[in-house]
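Keep in mind that the numbers below use all heavy atoms, side chains included, and drop hydrogens, waters and symmetry copies. Nothing fancy with the numbering, it's 1 onward along the sequence. Being a predicted model, the structure only gives us computed values, none of them experimental.
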Amino acid sequence: MISTALIPGRPAPVLIPADGRVMKHGSVIIDLAADAGGNCEATTPGETRSSTASTIVAPLQPATGMPQHASSCTARNVATFLQHLCADGTPAIDLADRSSPHLYRATKEPTVNES
């Protein structure tokens, strides 16, 4: 479960009791509200705690690293797409060719007569 409930300027509301009775055995809780106290009563900000019932992961300031990871992921996806599009260094895709992968046909800009 990923918990993210926050109220600006206030401690995070506790949604999951310390005994974890609302979770199944072996559950993993990612508490993204750990900086503000956490949504799980047993959250320890900045730590990962395991018990026999569940594991609580409570990273500090998780949003600070997300833009970097999102940019890296997008760049990797675009680079991989272009590698497939330009296998020998030059674009070699015939979008009219029905044997072309569906991904390439779906990527082109539609014309007025296409639906």
Side-chain angles (χ1 to χ4, degrees):
M1 163 192 266
I2 299 174
S3 65
T4 61
L6 284 171
I7 301 168
R10 302 177 91 192
V14 175
L15 305 174
I16 304 165
D19 62 9
R21 65 182 177 268
V22 297
M23 304 300 293
K24 287 186 177 182
H25 181 77
S27 296
V28 176
I29 301 165
I30 311 294
D31 194 344
L32 297 179
D35 287 331
N39 295 138
C40 184
E41 197 172 19
T43 292
T44 302
E47 294 184 14
T48 298
R49 296 181 60 190
S50 294
S51 68
T52 56
S54 62
T55 299
I56 301 170
V57 181
L60 293 175
Q61 300 180 346
T64 59
M66 287 184 194
Q68 175 186 353
H69 296 297
S71 294
S72 295
C73 184
T74 300
R76 187 172 43 252
N77 287 342
V78 170
T80 301
F81 177 75
L82 291 175
Q83 285 174 344
H84 290 289
L85 184 66
C86 307
D88 64 354
T90 59
I93 281 256
D94 180 4
L95 295 174
D97 180 5
R98 291 317 233 173
S99 66
S100 292
H102 178 71
L103 174 66
Y104 303 132
R105 288 196 314 268
T107 303
K108 73 175 193 151
E109 184 177 331
T111 60
V112 174
N113 296 329
E114 290 180 319
S115 57

Checklist entry - Side chain of Thr74, backbone of Ser71: donor and acceptor closer than 3.5 Å? => result no
Next on the checklist: Assigning hydrophobic clusters by single linkage (Ile, Leu, Val, Met, Phe, Trp, Tyr; side-chain heavy-atom cutoff under 4.5 Å), is Ile16 placed with Val28?
Outcome noted: no
Checklist entry - Is the number of heavy atoms from other residues, nucleotides or ligands within 6.0 Å of CD1 (Ile2) greater than 12? => result no
Checklist entry - Are any non-hydrogen side-chain atoms of Pro13 and Asn39 less than 4.5 angstrom apart? => result yes
Checklist entry - So if you build clusters from Ile, Leu, Val, Met, Phe, Trp, Tyr with side-chain heavy-atom gaps below 4.5 Å, do Val14 and Ile56 land together? => result no
Checklist entry - Is there a donor-acceptor pair closer than 3.5 Å between any side-chain N or O of Glu41 and the backbone N or O of Pro17? => result no
Checklist entry - Under a single-linkage definition using a 4.5 Å side-chain heavy-atom cutoff for Ile, Leu, Val, Met, Phe, Trp and Tyr, are Met1 and Leu15 assigned to the same hydrophobic cluster? => result yes
Checklist outcome for this item: Scanning both residues in full, the closest heavy-atom pair of Thr43 with Ala58 reads CG2-CB, 3.5 Å
Item to check | Given Asp35, Val57, Ile30, the one that forms side chain to side chain contact (heavy atoms under 4.5 Å, CB included) with Pro62 | outcome: Asp35
Checklist entry - Given Thr48 and Thr55, is the side-chain contact (heavy atoms from CB on, under 4.5 Å) satisfied, shown in steps? => result CA-CA 7 Å; Thr48 298; Thr55 299; 3.8 Å; yes
Next on the checklist: Please check: side-chain N/O of Ser51 versus main-chain N/O of Ser54, any donor-acceptor pairing under 3.5 Å?
Outcome noted: yes
Checklist entry - Of the non-hydrogen atoms in Ala42 and Arg49, which two are nearest, and what is the gap between them? => result O-NH1, 2.8 Å
Checklist outcome for this item: Value for SG (Cys40) from CG (Asp31), rounded to nearest 0.5 Å, stands at 6.5 Å
Checklist entry - Looking only at heavy atoms, what is the nearest atom pair of Leu6 and Ala33, with distance? => result CD2-CB, 3.6 Å
